[in-house]
Amino acid sequence: MTDGTGPERTCRYEPEMYAVRIEEDGTEIVTDEPDDECGCFVCSECSYCMMFGADSGWFGTEPPYKAHFRYCPGCGARVVE
């Protein structure tokens, strides 16, 4: 939220753990997908953790994993896609 004197703060929520894919040659590739063990997404501004997964998570369970809230409860920044 802004006080009208400057630009509104924004943040992104990203998975706490990203999935890793192993290529045939053994090379590990970090993907943009959350790992199967990922339990939350983390705010890029304040590191506030919001639950991911199951029926009670705060994000869609399929890509693009859209947040079901507009402002971070930790820092008040507007959540952007």
Could you list who else is in V80's hydrophobic cluster, with ILVMFWY side chains joined at under 4.5 Å, directly or through other members?
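Members besides V80: none; it forms no cluster.
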
Under 4.5 Å side-chain heavy-atom separation, chaining through any Ile, Leu, Val, Met, Phe, Trp or Tyr, what else clusters with V30? Say none if it is isolated.
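Direct or chained contacts put V30 with Y18, V20.
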
Could you tell me which non-hydrogen atom of C72 sits nearest to which non-hydrogen atom of C11, and how far apart they are?
CB-SG, 4.0 Å

Where do Y13 and P73 come nearest, in terms of heavy atoms and distance?
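The answer is OH-CD, 3.9 Å.
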
Side chains of [X] and [Y], heavy atoms from C-beta outward: is any pair under 4.5 Å?
| X | Y | value |
| --- | --- | --- |
| F69 | V79 | yes |
| D35 | P15 | no |
| R9 | C75 | yes |
| F41 | M51 | no |

Considering residues at least two apart in sequence or located in another chain, which fulfil the disulfide (SG to SG under 2.5 Å) criterion with C43?
none

With sequence neighbours excluded, what pairs up with C38 under the disulfide (SG to SG under 2.5 Å) test?
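Scan of C38 (disulfide (SG to SG under 2.5 Å), adjacent residues dropped) gives none.
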
Pairs in or reaching into residues 60-70: which pass side-chain hydrogen bond (donor to acceptor under 3.5 Å, both in side chains), with residues at least two apart or in two chains?
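Residue pairs passing side-chain hydrogen bond (donor to acceptor under 3.5 Å, both in side chains), neighbours aside: E33-Y65.
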
Where at least one partner belongs to residues 12-30, residue pairs that pass salt bridge (charged side-chain N to carboxylate O under 4.0 Å, His left out), sequence neighbours excluded
R21-E23

Salt bridge (charged side-chain N to carboxylate O under 4.0 Å, His left out): which pairs involve residues 37-48, sequence neighbours left out?
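Qualifying pairs: none.
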
Tell me every residue that passes side-chain hydrogen bond (donor to acceptor under 3.5 Å, both in side chains) with Y48, counting only those two or more places apart in sequence or in another chain.
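Per chain and number, Y48 pairs via side-chain hydrogen bond (donor to acceptor under 3.5 Å, both in side chains) with no residue.
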
Hydrophobic cluster identity match, V42 and M50, side-chain contacts under 4.5 Å
no

Straight-line distance of I29 CD1 to T31 OG1, nearest 0.5 Å:
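If I round to the nearest 0.5 Å, the distance is 10.0 Å.
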
